[in-house]
Amino acid sequence: MTILAIDTAAALCAACVFDPKTRQVLGRVSLDLEKGHAEHVMAVIERALSEASRTYSDVARIGVSVGPGSFTGVRVGVAAARGLALALKVPAVGVTTLEALAAETAEAWPGRPVLTAIKAGMQVALAAYDRNGVEIEGPRLASLEEAAEQATRAENPVLAGDMAGRIAQAMARDCDFGPLRGTADILYFARIAAQKEADGAMPKPLYLRPPDAKPSTTFAVPLKGQ
């Protein structure tokens, strides 16, 4: 079974072709874009497939980051995954950025609880995992102070995500860290997607807060005939 993983939820536009039997990455491409994911995502996927010497017909399952992350970025990745899943008639599964970050962290710090936290506007999107990698809280929104309190309650946690450093400062104590990024290495999305049960439902974006963009209340086009 060949897994195609896609992540456009943060700055990266990434795709990975993964063989779960051998646990080998067959091909991977990652661009640090900040913006413009929609223009590049299909080319990134095709380059990853080419590097793996695979075609779309070889893909048996698709995994995609469903957020938290950029509103536009999440929608781009999820739309690509859903469209490909329909066209190829294969299952697609969603993976959160927080669980992928936790998996990457747990590999470097086995047997330790993990708190993953990424920036979400003026708040923190966080999730907590026990020493076995089981999610015990979240994903949810919190203030920096609430996130620090959450980390303090855990027994010697490892912090990961682009807000991990801020949380450690708020805790005023030394901490161990996983990746200090807004998303995980694309490999971990592929690994989790390979293990998740495909229930037939299409992945949906995980939005923990309303969008920053709001409809204008000061400008309106008059209706024809008025």
Problem set entry | Test item: R47 and L31 side chains (from C-beta on) under 4.5 Å apart, heavy atoms | yes

Exercise. Nearest heavy-atom pair of L33 and C13: which atoms, and what distance?
Worked result: CD1-CB, 3.5 Å

Problem set entry | By salt bridge (charged side-chain N to carboxylate O under 4.0 Å, His left out) - contacts of E107 (at least two apart) | R191

Exercise. Would you find a donor on one side and an acceptor on the other, under 3.5 Å apart, between the side chain of K119 and the backbone of G121?
Worked result: yes

Seminar exercise, completed: residues 157-178 vs side chain to side chain donor-acceptor pair (under 3.5 Å), sequence neighbours excluded, gives R112-D176

Problem set entry | Those residues that, when tested against E39, pass salt bridge (charged side-chain N to carboxylate O under 4.0 Å, His left out) (two or more places apart) | none

Exercise. Just how far is it from atom CG of L208 to atom OG1 of T96, taken to the nearest 0.5 Å?
Worked result: 9.5 Å

Name every donor-acceptor pair, under 3.5 Å, that has one atom in a side chain of residues 23-30 and the other anywhere in the protein, sequence neighbours excluded.
residue	atom	partner	partner atom	Å
R28	NH1	D185	OD1	3.0
R28	NH2	D185	OD1	3.1
R28	NH2	D185	OD2	3.2

For this session: Please assess V59 against L84 for the test side chain to side chain contact (heavy atoms under 4.5 Å, CB included), listing each intermediate value before the final yes or no.
Result: CA-CA 10 Å; V59 175; L84 286 172; over 6 Å; no

For this session: For T55, check side-chain hydrogen bond (donor to acceptor under 3.5 Å, both in side chains) against everything at least two apart and list the hits.
Result: S57, D58

Exercise. For G161, does its backbone N or O pair with a side-chain atom of T116 as donor and acceptor, under 3.5 Å?
Worked result: no

For this session: Please report the closest heavy-atom contact between L159 and A151, naming both atoms and the distance.
Result: CD2-CB, 4.0 Å

Exercise. Can you list every ring-ring contact (aromatic ring centres under 6.0 Å, His included) pair that touches residues 176-208, not counting sequence neighbours?
Worked result: F71-Y207

For this session: Spell out, as yes or no, whether a donor-acceptor pair under 3.5 Å connects the side chain of R54 to the backbone of A52.
Result: yes

Problem set entry | Derivation and outcome, side chain to side chain contact (heavy atoms under 4.5 Å, CB included), residues T72 and R75 | CA-CA 5 Å; T72 301; R75 292 180 70 87; 5.9 Å; no

Problem set entry | Hydrophobic cluster membership, V76 vs V64, 4.5 Å side-chain cutoff | yes

Problem set entry | Heavy-atom pair of closest approach, residues A85 and A92 | CB-CB, 3.8 Å

Exercise. Would you call P68 and I118 a side-chain contact if the rule is heavy atoms closer than 4.5 Å?
Worked result: yes

Which donor-acceptor pairs under 3.5 Å do the side chains of residues 3-12 make with protein atoms, sequence neighbours left out?
residue	atom	partner	partner atom	Å
D7	OD1	A9	N	3.1
D7	OD1	S65	OG	3.4
D7	OD2	T183	OG1	2.7
T8	OG1	G73	O	2.6
T8	OG1	G77	N	2.9

Exercise. Just how far is it from atom OG of S70 to atom NE2 of H37, taken to the nearest 0.5 Å?
Worked result: 7.0 Å

Seminar exercise, completed: When rounded to the nearest 0.5 Å, the distance separating CG of L115 from SG of C175 is 9.5 Å

Problem set entry | L206 reachable from V78 in the ILVMFWY side-chain graph, under 4.5 Å edges | yes

Seminar exercise, completed: Scanning both residues in full, the closest heavy-atom pair of A193 with V95 reads N-CG2, 4.1 Å

Seminar exercise, completed: Sorted by chain and residue number, the side-chain hydrogen bond (donor to acceptor under 3.5 Å, both in side chains) partners of K196 (sequence neighbours excluded) come out as E99

Exercise. Would you call I62 and V93 a side-chain contact if the rule is heavy atoms closer than 4.5 Å?
Worked result: no

For this session: Apply the side-chain contact (heavy atoms from CB on, under 4.5 Å) test between L144 and each candidate in Q123, M163, E149; give the one that qualifies.
Result: M163

Exercise. So do the side chains of R61 and V90 get within less than 4.5 Å of each other, counting heavy atoms only?
Worked result: no

Exercise. Any idea which heavy atoms bring A80 and V41 closest together, and the distance?
Worked result: CB-CG2, 4.4 Å

Exercise. Considering residues at least two apart in sequence or located in another chain, which fulfil the salt bridge (charged side-chain N to carboxylate O under 4.0 Å, His left out) criterion with R181?
Worked result: E104

Problem set entry | side chain to side chain contact (heavy atoms under 4.5 Å, CB included) between Y56 and E46, worked out | CA-CA 8 Å; Y56 284 113; E46 289 167 7; 3.1 Å; yes

Exercise. What residues, two or more places apart in sequence or in another chain, satisfy side-chain contact (heavy atoms from CB on, under 4.5 Å) together with L86?
Worked result: M202

Exercise. Which heavy-atom pair separates Q150 from A128 by the least distance, and what is that distance?
Worked result: NE2-CB, 3.7 Å

For this session: For the pair D130 (side chain) and N132 (backbone), establish whether a donor and an acceptor sit closer than 3.5 Å, ignoring hydrogens and angles.
Result: yes

Exercise. Do F18 and L187 come close enough that some side-chain heavy atom pair is under 4.5 Å?
Worked result: yes

Problem set entry | Side chain proximity check, K21 to M1, heavy atoms < 4.5 angstrom | no

Seminar exercise, completed: With sequence neighbours left out, the residues meeting side-chain contact (heavy atoms from CB on, under 4.5 Å) with A142 are L126, R140, E146

Exercise. Among all residues two or more places apart in sequence or in another chain, which pass the side-chain contact (heavy atoms from CB on, under 4.5 Å) test with R131?
Worked result: P113, E155

Exercise. Given the rule in the side chain to side chain contact (heavy atoms under 4.5 Å, CB included) test, do W109 and V114 qualify, once you have shown the distances and angles that lead to the verdict?
Worked result: CA-CA 9 Å; W109 298 92; V114 175; 5.9 Å; no

Exercise. Within the side chain of T105, is there an N or O that forms a donor-acceptor pair under 3.5 Å with the backbone of L101?
Worked result: yes

